[in-house]
Amino acid sequence: MTRVLFVCVQNAGRSQIAQALYEQRGGEARSAGSKPAEEIHPVVADALEEIGVNTSGRLPKALSRDDVEWADLVVTMGCGDACPVIPGKQYVDWQLADPAGLCLEEVRELRATIAKRVAALPL
């Protein structure tokens, strides 16, 4: 099974959505941020709850080297050079809008885009 780490800046939106969707597919995932927020963006929590993801226990966490070492595949989303590069790991960068400040309809569209990309990842 492929272990996937999803990384964005705040770990409050894109990476949380991607982790939840990959886990719904039956995959093993973690998410983290280079500068984590205090909580998941409320509109992102709403969009996840709509598809049956309980966000009550989900909190943004800081990116650690241990997370990268754990992963087989690291998917970055706008965190730039903050993500440590470890030889032998596969890296993919997804250019996605930051959901901060978006309305629910826009976050639903972002969720759909992320869902398509997550569906193409190996389990």
Side-chain angles (χ1 to χ4, degrees):
M1 178 174 289
T2 303
R3 295 182 297 198
V4 182
L5 173 64
F6 296 99
V7 184
C8 65
V9 177
Q10 294 188 331
N11 188 220
R14 296 166 288 192
S15 56
Q16 292 281 349
I17 293 169
Q19 177 187 358
L21 292 171
Y22 193 74
E23 289 172 345
Q24 278 189 329
R25 285 186 59 211
E28 190 175 353
R30 293 182 185 176
S31 65
S34 54
K35 295 178 184 171
E38 291 186 19
E39 64 182 11
I40 294 175
H41 298 306
V43 70
V44 169
D46 291 345
L48 287 172
E49 296 278 348
E50 285 181 347
I51 59 167
V53 176
N54 181 349
T55 60
S56 62
R58 291 184 181 263
L59 292 172
K61 63 174 260 198
L63 175 63
S64 73
R65 186 173 182 88
D66 288 344
D67 288 326
V68 178
E69 289 175 352
W70 167 87
D72 300 306
L73 171 63
V74 179
V75 178
T76 58
M77 305 175 207
C79 61
D81 297 334
C83 190
V85 174
I86 297 176
K89 302 293 177 183
Q90 182 181 357
Y91 291 82
V92 177
D93 186 56
W94 290 352
Q95 297 294 319
L96 296 166
D98 186 335
L102 297 182
C103 70
L104 182 56
E105 186 55 40
E106 292 167 321
V107 174
R108 286 178 180 138
E109 291 173 16
L110 177 63
R111 182 186 67 202
T113 298
I114 293 172
K116 288 177 189 169
R117 294 184 186 195
V118 165
L121 295 175
L123 279 178

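These numbers come from a predicted model, not from an experiment.
- The heavy-atom pair separating Pro99 from Gly13 by the smallest distance is CG-CA, 3.7 Å.
- Between Asn11 and Gly33 the shortest heavy-atom distance is CB-N, 3.4 Å.
- Looking only at side-chain heavy atoms (C-beta outward), Trp70 and Arg65 stay at 4.5 Å or farther from each other.
- Of all the heavy atoms in Ala32 and Asp67, the pair that sits closest is CB-OD2, 4.1 Å.
- Linking ILVMFWY residues whenever their side-chain heavy atoms come closer than 4.5 Å, directly or via other members, places Val43 and Leu96 in the same cluster.
- No path of Ile, Leu, Val, Met, Phe, Trp and Tyr side chains, each step under 4.5 Å between heavy atoms, connects Val9 with Val107, placing them in separate hydrophobic clusters.
- Remark: of the listed residues Val75, Val7, Val74, Val74 is the sole one forming a side chain to side chain contact (heavy atoms under 4.5 Å, CB included) with Tyr91.
- Side-chain N or O atoms of Arg30 include none that pairs as donor or acceptor with a backbone N or O of Phe6 at under 3.5 Å.
- Heavy atoms of other residues, nucleotides or ligands lying less than 6.0 angstrom from NZ of Lys35 number 12 at most.
- One distance of note links CD1 of Ile51 with CG of Asp46; it measures 12.0 Å at 0.5 Å rounding.
- Checked by atom type, the side-chain pair Asn54/Ser56 shows a donor-acceptor distance below 3.5 Å.
- Note that the OG1 atom of Thr76 and the CG atom of Asp93 stand 3.5 Å from one another [nearest 0.5 Å].
- Two residues are said to be in side-chain contact when any heavy atoms from C-beta on lie closer than 4.5 Å; Gln24 and Val53 meet this criterion.
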inquiry  = What verdict does the side-chain contact (heavy atoms from CB on, under 4.5 Å) test give for Glu38 and Leu59, after you've listed the backbone C-alpha separation in whole Å, the side-chain angles of each residue and the deciding distance to 0.1 Å?
reply    = CA-CA 7 Å; Glu38 291 186 19; Leu59 292 172; over 6 Å; no

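- The two atoms that bring Arg25 and Val118 nearest to each other are NH1-O, 2.6 Å, heavy atoms only.
- Cation-pi geometry between Arg14 and Trp94 is not satisfied (NZ or CZ under 6.0 Å from the ring centre, within 45° of the ring normal).
- Ion pairing between Lys89 and Glu69 fails under the 4.0 Å rule for side-chain N and carboxylate O.
- Cluster membership check: Leu73 does not share its hydrophobic cluster with Leu5, using side-chain heavy-atom separations under 4.5 Å among Ile, Leu, Val, Met, Phe, Trp and Tyr.
- The two residues Ser31 and Ser15 come nearest to each other via the heavy atoms CB-O, 3.5 Å.
- Using modelled atom types, no side-chain atom of Glu39 and backbone atom of Ala12 make a donor-acceptor pair closer than 3.5 Å.
- Within the 4.5 Å cutoff, the side chain of Gln16 has no heavy atoms near those of the His41 side chain.
- No donor-acceptor contact under 3.5 angstrom links the side chains of Asp72 and Thr2, judged on distance only.
- A salt bridge links Glu23 with Arg58: at least one charged nitrogen is closer than 4.0 Å to a carboxylate oxygen.
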Candidate pair Met1 and Leu123, rule side-chain contact (heavy atoms from CB on, under 4.5 Å), full reasoning = CA-CA 6 Å; Met1 178 174 289; Leu123 279 178; 5.5 Å; no

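- Linking Ile, Leu, Val, Met, Phe, Trp and Tyr residues whenever their side-chain heavy atoms come within less than 4.5 Å leaves Leu63 and Met77 in two separate clusters.
- Judged by distance alone, with hydrogens and angles left aside, the side-chain atoms of Arg111 form a donor-acceptor pair with the main-chain N or O of Ala47 at under 3.5 Å.
- Side-chain heavy atoms closer than 4.5 Å link hydrophobic residues (I, L, V, M, F, W, Y) into clusters, and following such links, possibly through other members, connects Leu110 to Val92.
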